[in-house]
Amino acid sequence: MKKVLICLGVMVLFIVAAVVLKKPAENAKLDYTKVKARVVSSESRQKRIKTRYSTSYQTVYDVVLSYGGKEYELKNAHNSYSYRPGSEVTVYLANGKLYADEEGVRNASPLGIARSVAIGGAFLMFIVSMVMLAKTGQKKA
């Protein structure tokens, strides 16, 4: 039971970290440049996600852009139909990568990554706590 309480305490710390990082992550000064890039290719595909008990599909958008003589894969593309090959689109250049919108740049920033890690850690610690609690209950029975 002591391990379960420790895991729940760590989960609470992760939740507090996520809440504390929310405002700084949203208000952080982002270092990006708005640029025009030419669409080289754009396609969507179904990615198969297989777990032990089920199979599901996720749509993945593969968009390749040309900017400054180099080709880049567009990060956080929300669809493929907005990016017709040969057309010119406005994207955000940050840290040598092209993003579809400002939110993608924000989520890729150090504060955005830290907040995502905190949220993921809280979820993981919740799952670990519940598994440990279930095992503790089985031992007593």
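Atom set for the values below is all heavy atoms of this structure, side chains included, hydrogens, waters and symmetry mates excluded. Computed from a predicted structure; not experimentally measured.
Transitive grouping of hydrophobic side chains (ILVMFWY, heavy atoms separated by less than 4.5 Å) brings Met1 and Met11 into a common cluster. There is a path of hydrophobic side-chain contacts, each under 4.5 Å, that joins Tyr72 to Val89. Tyr32 and Leu93 are not part of a single hydrophobic cluster, where members link through side-chain heavy atoms under 4.5 Å apart. Met132 and Ile127 fall within the same hydrophobic cluster, where Ile, Leu, Val, Met, Phe, Trp and Tyr residues are linked whenever their side-chain heavy atoms come under 4.5 Å apart, directly or through other members. Under the 4.5 Å side-chain heavy-atom criterion for Ile, Leu, Val, Met, Phe, Trp and Tyr, Leu124 and Val117 are members of distinct hydrophobic clusters.
Rounded to the nearest 0.5 Å, atoms CG (Leu65) and OH (Tyr83) are 7.5 Å apart. Put simply, CD on Glu73 and CG on Leu98 are 10.5 Å apart, with the number rounded to the nearest 0.5 Å.
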Notebook entry, point to check: Given Val35 and Thr90, is the side-chain contact (heavy atoms from CB on, under 4.5 Å) satisfied, shown in steps?
Noted result: CA-CA 6 Å; Val35 298; Thr90 301; over 6 Å; no

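Other residues, nucleotides and ligands contribute more than 12 heavy atoms inside 6.0 Å of the CG atom of Asn27. Around OH of Tyr61, the count of heavy atoms belonging to other residues, nucleotides or ligands within 6.0 Å exceeds 12.
At a cut-off of 3.5 Å, with distance as the only test, no side-chain donor of Asn76 or Asn107 sits close to an acceptor on the other residue.
Taking the side chain as every heavy atom from C-beta outward, Arg115 and Lys22 approach each other to under 4.5 Å. Side-chain contact check for Thr55 versus Arg48: some heavy-atom pair is nearer than 4.5 Å.
Ion pairing between a basic and an acidic side chain is recognised when a charged N comes within 4.0 Å of a carboxylate O; Glu88 and Lys36 show no such pairing.
When all heavy atoms of Ser41 and Pro85 are compared, the closest pair comes out as CA-CG, 4.4 Å. Closest of all the heavy-atom pairs between Ala18 and Ile119 is CB-CG1, 3.8 Å. Among all heavy-atom pairs drawn from Val39 and Arg84, the shortest one is CB-O, 3.4 Å. Across Arg106 and Ala28, no two heavy atoms sit closer than the pair NH1-O, 3.8 Å. In terms of heavy atoms, Leu74 sits closest to Ala100 at CD1-N, 3.6 Å. The nearest pair of heavy atoms linking Ala37 to Val91 is CB-CG2, 4.0 Å.
For Tyr99 and Tyr92, the ring centers are positioned 6.0 Å apart or more.
The backbone N or O of Ser80 lies less than 3.5 Å from a partner atom in the side chain of Ser42, making a donor-acceptor pair.
Of the options Arg38, Glu71, Glu43, a side-chain contact (heavy atoms from CB on, under 4.5 Å) to Val64 is made by Glu71 and by none of the others.
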